[in-house]
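Data first, discussion second: the structure below is written as structure tokens.
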Amino acid sequence: MLLTLTGTFDDWRTQARALLAQGISPDDIQFHDTALEPTDSLFAASDPLPYQASPTTTRTPPIPKRFIQLATTVAHHRDPRKWHLLYRLAYRLTHGEPRLLSIATDPDTAELLRMDHSVRRDAHKMHAFVRFHEVPFDSLQLPGLPDTQHPKPDTRFVAFHKPEHRIAEREVDFFIKRFPAFHWSILTPHGCIHWDTKQLTTSPGVDADQAPAEDSTTDQWLAYYATIFNPARIKLQAMENEMARKYWSTMPETRIIPDLLQTADVRVKQMNAPPTEDEKTASHLIPDVGELIPSMALPVLQRAVSSCGACDLCEDATQTVFGEGPSDAEIVFVGEQPGDQEDRQGRPFVGPAGQLLDEHLEAVGLPRSAIYVTNAVKHFRFKRMGLSRMHRKPTTQHVRACAPWLRAELRTIQPRLLVCLGGTAARAVIRSDFSITAERGQWIDSPYCESTLATFHPSALLRAEGSRREEMTAAFVSDLRAVAERAGAAVG
Ligand code: URA
């Protein structure tokens, strides 16, 4: 019996349910996926038998939830044999082998897990390797491209990506969460997805030559890439495994990788060298990359930072958490790194520490809406403990790897006042041996603005107990007051 499928999991499920209910053995059926197999192949010769699912009262044992989870992922695999594999497994699970999925050595189970892994890995690559270009809004002309129902901006962001599997629609939520306020399109050979800030639409797949050319920000992005390229992490083979060459054609930075690799040895030595006497008293953690970092519009910076892989933190964190606030803010607050809530929501200082900060800011007359808030490190570093994710301090290497982004934010915003919340921020911005206990609350020179001050991190207040907490809170409030006074009319 030959069953024709249109390539969706729901279609397969409807047919598989009916087949199972009638006890039809996997040996008696074949699937033909019209989305994956050209109709002029072998199947065109055979005359597909349309299967009539008849209502049935036969009771089939329940399919384990874990199977459904795996099957919904495997349904996106590019190999059309997945449908038969899924049916074989569903049949065996409901015909005397309910524990099949825990037998990793079973060839069907092993194949299912291999396909699941491959799709999830491809999704991870898509999150990391999609590169948007900003193009005039109407320059994107594609067959089936829907017209937006919402006000059109001047530009939209467009990326062409070539995933291994049919995953564009599966990954759409990730991109909507990350770029809710932009108009963007991701084009793939298997299908295109378009977001217009409110509505998601799809259109048929396209080839690379139908994607718009690179935009003027590509050179800036390349300059950034040169600064975030961490030579200490480079092992050529490992890099090629991670960033397989098949993705390179849509990633502009791969053009400069050979040059960067040539200078890798020298850069590793520089990064690992202990700070010199001069560096100890300078903000050496934010390397001076001079011309490499022009000031850039914050959305462009945000777009570039979202694919930063300069250190290992990008591997486990949900997303990059960029700074937030007006691009002409007079005051910038710098924290350590996003916490659990910030990592989930993609916004800085929205968890308990952020709420405490907001309360105190409000009390001294500094509205959060007038302030730009960011972190020294843009990814959450944590350790899993059961279901929880426990905060871990970022290392000096993490702060260093992220420093170009902080520097770029500061160069773009050019604040009058800079406030470091806690030791990590102060050591990133002021001096590598800065001590919060000994030096908080003093106005200090820094290369980024008129005046810089460091104070306690609000999380330290939350962790402290009893009278120590009261003392620290009083000091924190007095520091914020000093900031509000110095800001004067600027925020008032
Ligand atoms: N702590 C920080 O340093 N930054 C945040 O964004 C949240 C908590």
Side-chain angles (χ1 to χ4, degrees), residues 177-178 285-286 298 301-302 305-306 308 311 313-314 316-326 329 331-362 366-383 388-403 405-410 413 415 417-430 434-437 440 448 452-464 469 472-473 475-476 479-480 483:
K177 246 171 84 190
R178 180 157 284 186
L285 285 179
I286 305 193
L298 290 176
L301 262 179
Q302 178 163 14
V305 79
S306 70
C308 181
C311 70
L313 296 186
C314 61
D316 293 329
T318 311
Q319 56 193 314
T320 322
V321 179
F322 195 60
E324 191 177 88
I331 312 174
V332 170
F333 276 64
V334 183
E336 179 191 76
Q337 63 165 356
D340 180 70
Q341 283 303 314
E342 288 79 13
D343 173 75
R344 291 174 201 277
Q345 296 184 38
R347 298 178 51 210
F349 282 102
V350 290
Q355 283 157 21
L356 186 66
L357 175 66
D358 287 357
E359 264 171 43
H360 288 303
L361 285 174
E362 189 80 13
L366 288 174
R368 163 101 180 234
S369 57
I371 290 168
Y372 186 88
V373 180
T374 190
N375 284 297
V377 173
K378 311 290 191 236
H379 280 121
F380 179 34
R381 182 170 194 234
F382 61 90
K383 184 167 150 194
S388 322
R389 304 188 302 170
M390 306 301 290
H391 164 274
R392 286 178 74 201
K393 236 184 183 354
T395 65
T396 304
Q397 292 300 328
H398 296 134
V399 178
R400 255 183 211 226
C402 228
W405 301 118
L406 178 59
R407 185 184 171 99
E409 284 174 293
L410 297 176
I413 298 166
L417 308 179
L418 187 52
V419 181
C420 299
L421 296 171
T424 302
R427 286 188 286 276
V429 170
I430 304 170
F434 190 92
S435 157
I436 287 284
T437 321
R440 55 139 280 280
Y448 307 106
T452 299
L453 173 144
T455 186
F456 292 121
H457 192 290
S459 303
L461 308 184
L462 291 173
R463 280 194 308 268
R469 183 172 187 163
M472 287 172 76
T473 303
F476 182 70
D479 293 343
L480 290 189
V483 176

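Counting starts at 1 for both ligands and their atoms, in listed order.
No donor-acceptor pair under 3.5 Å is formed between the side chain of Gln337 and the backbone N or O of Val399.
Looking only at side-chain heavy atoms (C-beta outward), Val429 and Leu406 come within less than 4.5 Å of each other. Looking at heavy atoms from C-beta onward, Thr455 lies in side-chain contact with Arg440 at the 4.5 angstrom threshold. In this structure, the side chains of Phe322 and Thr320 stay at 4.5 Å or more apart for every pair of heavy atoms.
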Can you give me a line-by-line list of nitrogen or oxygen pairs between ligand 1 and the protein shorter than 3.5 Å?
residue: ligand 1; atom: 1 (N); partner: Gln337; partner atom: O; Å: 3.4
residue: ligand 1; atom: 1 (N); partner: His457; partner atom: NE2; Å: 3.3
residue: ligand 1; atom: 3 (O); partner: Glu336; partner atom: N; Å: 2.8
residue: ligand 1; atom: 3 (O); partner: Gln337; partner atom: N; Å: 3.3
residue: ligand 1; atom: 3 (O); partner: Gln337; partner atom: O; Å: 3.3
residue: ligand 1; atom: 3 (O); partner: Asn375; partner atom: OD1; Å: 3.2
residue: ligand 1; atom: 3 (O); partner: His457; partner atom: NE2; Å: 2.7
residue: ligand 1; atom: 4 (N); partner: Gln337; partner atom: O; Å: 2.9
residue: ligand 1; atom: 4 (N); partner: Asn375; partner atom: OD1; Å: 2.7
residue: ligand 1; atom: 4 (N); partner: Asn375; partner atom: ND2; Å: 3.4
residue: ligand 1; atom: 6 (O); partner: Phe349; partner atom: N; Å: 2.9
residue: ligand 1; atom: 6 (O); partner: Asn375; partner atom: ND2; Å: 3.0

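Judged by distance alone, the side chains of His391 and Glu336 do bring a donor and an acceptor atom under 3.5 Å apart.
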Salt bridge (Lys or Arg N to Asp or Glu O under 4.0 Å) for Arg389 and Asp343? Distances and angles first, verdict last.
CA-CA 11 Å; Arg389 304 188 302 170; Asp343 173 75; 2.8 Å; yes

